[in-house]
Each structure stands twice: as C-alpha cells, then as structure tokens.
Q: 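First, the structure itself, so that you have it in front of you.
All chains are named by letter (A, B, ...) in the order of the sequence lines, taking the proteins before the strands, and each is independently numbered beginning at 1. All of these numbers come straight from a predicted model, not from anything done at the bench.
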Number of protein chains: 2
Amino acid sequence: MENQTTEDIIFEAAYQEFIEKGFEGARMQSIANRAGINKALLHYYYRTKDKLFEAVVPKIIQQLPIGINNILENNNPFEIKIEQIVRFYLNFLKNNPQILQFILRELLTGPDRLAKIFSLVIDKNGNNLVSKLAQMIRKESEAGKIYPISPEHLLTNIISLCVFPFIGRFLIEKIVLNNFEISYEEFIYKREKEVVTFILRALKP
Amino acid sequence: MENQTTEDIIFEAAYQEFIEKGFEGARMQSIANRAGINKALLHYYYRTKDKLFEAVVPKIIQQLPIGINNILENNNPFEIKIEQIVRFYLNFLKNNPQILQFILRELLTGPDRLAKIFSLVIDKNGNNLVSKLAQMIRKESEAGKIYPISPEHLLTNIISLCVFPFIGRFLIEKIVLNNFEISYEEFIYKREKEVVTFILRALKP
DNA sequence: GTCTATAATGTGATAGAC
DNA sequence: GTCTATCACATTATAGAC
C-alpha cells in the first residue's frame, strides 16, 4: 500500500532501528535516514526518543507467540501437546531470533525501561496461558502419567532448552560446536527432535 | 594490602564499572570517581576506554569456571559426575550472576568488541575441557549406559538448563513464577535438585 | 604522576522559515 | 507538515601547569 502516512513510515523505520540496535544503540539520525525524512520530523510526531520507543516496543513484544491456545485446547494427548509446543516455539525462534535478542538486550541494559511496557502487554495474555499449562502439567502428574515435577520447573526447563541456543548462539558456537564438525545451522536443524526427545524421556513416569 | 599502585586501583574501579554497566553504559568519569582520582589519569595509564576494557575483560572471562578438571578426573560414575558438574555450575551462577550477565550483554550489544578477547581466553582451556566431556558422553552412550544422545546437544541442554534462569531472571519471574506462590530465591534454591533429576531421568537408557 | 581546563565530537531536542 | 540551522548537553580525550 502506497498511502502510508509519514507517521507510519517513521514507525516502521524506528521498529527496524530499535530491534537491530536496542534503545541505547539506536540513533534518531539513523531512524530519520531509514525513513527518508528529516530528524526534526521524528520529534514532531513522537516528541522524544523515549516516546518513540514506547510506541514501538508493544509491537515487538506482542510477537512473542503467546497465542498457542489452539494447541492447548485440541484433543491430543499430553506428550503430543508438549511436542507441538516445543516445535512451535523452536520454529518461531528460528525465524525470529531478533525479537528475543531485543528483549534480552533491553533487560540487561535498561531493565526499567522495558519493565513497564512489558507488564502491560504480558499480564493480559501470558499469565492466563501459563496457568493453563501449569494446570495441565499438574493433572498429568497427579494421574501418574508423568513423574511428579513442579510445573514451574518444567516450564522453565522447556523455555530454557528452546530459548538459550538462540540468545547464546555465540557461546554455543565458540565453546561447544567448536569441538564438533557441525555448523550452527545443522545443529539448530537437528535440535527440534533432540529437545522433544529429551523432555519426553525425562517426563516418563 | 595498602601498597596498591594507582594502576591497580584504576583497574579495580574499571572492573566494577564495566561488570555493572557494560562497555556502553560505563563512564570514564564514574570509573575515576570510584578510584578516587582524576579522569585524566585514566588516560595516562590506559590511553583509551577501549584499552581499559580490553585490560579488564580477561579477568572477567577467566572466572567462568572452566576449571572443573577435578570432577572430570575423579573415579565417580557418570551420573555422579553429571550431578557434580550441574551443582558446581548452578552454585557458581548463584554466587556470580553478574559475570554471565556481563558476557551476554556484551555479546548482544557489541559482539565484535568481546569476540576477539573471548577467543584468546577460551581457546586455551575451554575446548580441551569440552572435548573431554564429549568423549565421556560418547563412551557412556556406546556402552549403553545412557540413551544415545549427541554430545553437543547434551552439553547444550545442560548449559541451557543451568544458565537461562539467571540471565532470563526477569522473564522467568514475570511470565512463569508470577503464577505460583513462590519467590525467585526459593525457586533457585530448589532448582539444583530439579535440574539434576531432570537430566539424569532423560539420560536413562 | 597528578591535577585543572579545555578541546573535539556525537547526539537528542528545539526555533523558526517556508 | 517539512525543512535548515542551531542549541544544549554529555562524554571521550588531550594540553599544559605543577
């Protein structure tokens, strides 16, 4: 669509700049260049760098795939659901490593800046989802279908196994993969099956 | 010891500043204040901020506990070694969360800056250790004592499970723990046993 | 070696013409 | 709305006295 408003164009440019470089690394001049307009116009539409950031961040955070309700609510057995969730997240991360890197970088550089915005977006959808997952885990556990693990630790384990290789890519490459004849791409490709197997094996009663 | 040279005092001050705020967040003025000396002296001893950073970083990286040779070379069975390693790393991270946060923050903000220094420090000790670990895993796997898992994935799993809760503390707190009546401290306290159990269960043949 | 003063630069933000 | 020119400030780095 060619009838984008100037405001939209600025928003898009800022989105790219912030997600690539983070708040501290982003430059108003660079955003203006991306948008093909003048620096003063940024301030005309968004007053300050902070306001511009606050406008863009929700768009970034909302892409965290918290919409896996369809998996949770289908009729597949627990093991299949776990597998579907792991595969869904790993694929999301494979295709959007930038989003998670952005969030982590902001939390490590200026936690307060992100915290406010984050709470607003997450509290509505996220907690609901997590409590559904927790309930599901508790039910399976009490029925003896998996070994009795605390839901919060199982969820943390799943998140850790999925997420870390993407935010710690450099560490994995330099420390681990360096010793094997395997590229990062191959490694990630095989990881889906490895993680699913690992988790399901651990859960067997 | 009271006979610290000025250079040492500056080094200590810079160490604190960099590990707390990262390269981009650190301020030469703040380092001078910590050291109780003048800003110009920093440049007298270390010429530039970059040089000062390069002087300090190896001290930080070397604290990564790559010295677990004693665990690897004792005569305990595989399961016990895994348990010892996990407990060792988790305790290290519990007592030194700053170090890992520093490394991750630098990798997410200015990868090139850290990469050079990192390679120099790691290549000597780290790879040796990882290849020993990999060999151990392969041996157990071939002897049928654990299920056949690729060493690189098992090592990544162990690292992920140990490390992520410390660098993603905010995410764990807001997304996961928020739904349970449990504090982060409690969570970390119980995690040691949970992670060991999880890994060993997954590995059973 | 250590200080004060100041240069040199980069960056967010504003004034004011059109 | 959009531009040019400029301010105001922070920050690294250097000059030069002592």
Q: Taking NZ from B/K49 and P from D/dT14, how many angstroms apart are they, rounded to a whole number?
A: 15 Å
Q: Using whole Å, what does the distance between atom P of nucleotide C/dG12 and atom CZ of A/F53 come to?
A: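 Whole-Å distance recorded here is 13 Å.
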Q: Within residues 33-48 of chain A, which residues have any heavy atom lying less than 4.0 Å from an atom of DNA chain D?
A: A/I37, A/N38, A/A40, A/L41, A/Y44, A/Y45
Q: List the residues meeting ring pair (Phe, Tyr, Trp, His ring centres under 6.0 Å) with A/F187, not counting sequence neighbours, and say none if there are none.
A: B/H153
Q: Just grab all the salt bridge (charged side-chain N to carboxylate O under 4.0 Å, His left out) pairs involving residues 70-93 of chain A, residues at least two apart or on different chains.
A: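 Matches after skipping sequence neighbours: A/E73-A/K132, A/E83-A/R87, A/R87-A/E192.
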Q: Check DNA chain D against residues 9-19 of chain B and give the residues with a non-hydrogen atom under 4.0 Å, in numerical order.
A: none
Q: Among pairs that include at least one residue of residues 42-59 of chain A, which meet side chain to side chain donor-acceptor pair (under 3.5 Å), considering only residues two or more places apart or in two chains?
A: none
Q: Could you give the CD-to-P distance, from A/E24 to D/dA10, as a whole number of Å?
A: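 Atom-to-atom, A/E24 to D/dA10, this comes out as 16 Å.
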Q: Please confirm whether the shortest side-chain N or O distance from B/R27 to OP1 or OP2 of D/dT12 is below 4.0 Å.
A: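 Yes, because at least one side-chain N or O of B/R27 sits under 4.0 Å from OP1 or OP2 of D/dT12.
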Q: Run the ring pair (Phe, Tyr, Trp, His ring centres under 6.0 Å) test against A/F170 and tell me which residues pass, sequence neighbours left out.
A: B/F118
Q: Go through the structure and list residues passing salt bridge (charged side-chain N to carboxylate O under 4.0 Å, His left out) with B/E181, not counting sequence neighbours.
A: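 With neighbours one apart ignored, the set is empty.
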Q: Please give, in whole Å, the distance from D/dG1 P to A/D8 CG?
A: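 It works out to 13 Å between those atoms.
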Q: Just to be sure I understand the rule, does A/A26 reach a base, reach only the sugar-phosphate, or reach nothing, if contact means heavy atoms closer than 4.0 Å?
A: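 Sugar-phosphate, no base atom in range.
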Q: B/K51 has an atom NZ; how far is it from atom P of D/dT12, in whole Å?
A: 17 Å
Q: Can you pull out every side chain to side chain donor-acceptor pair (under 3.5 Å) where at least one residue sits in residues 6-16 of chain A? Sequence neighbours excluded, please.
A: A/T5-A/D8, A/Y15-A/Q63
Q: Do the side-chain N and O atoms of B/Q84 and B/N74 include a donor-acceptor pair separated by under 3.5 angstrom?
A: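 B/Q84 vs B/N74: donor-acceptor pair found between side chains.
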Q: Sequence neighbours left out, cut at 3.5 Å: what donor-acceptor pairs do the side chains of residues 93-111 of chain A make with other protein atoms?
A:
residue	atom	partner	partner atom	Å
A/N95	ND2	A/N91	O	3.1
A/N96	ND2	A/F92	O	3.0
A/R105	NH1	A/E20	O	3.3
A/R105	NH1	B/L108	O	3.3
A/R105	NH2	A/I19	O	3.0
A/E106	OE2	A/F23	N	2.8
A/T109	OG1	A/R105	O	2.7
A/T109	OG1	A/E106	O	3.4

Q: Salt bridge or not for A/E17 and A/R27, using N-O below 4.0 Å?
A: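 Salt bridge absent between A/E17 and A/R27.
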Q: Nearest whole Å is fine: how far is D/dC3 P from A/Q29 CD?
A: 12 Å
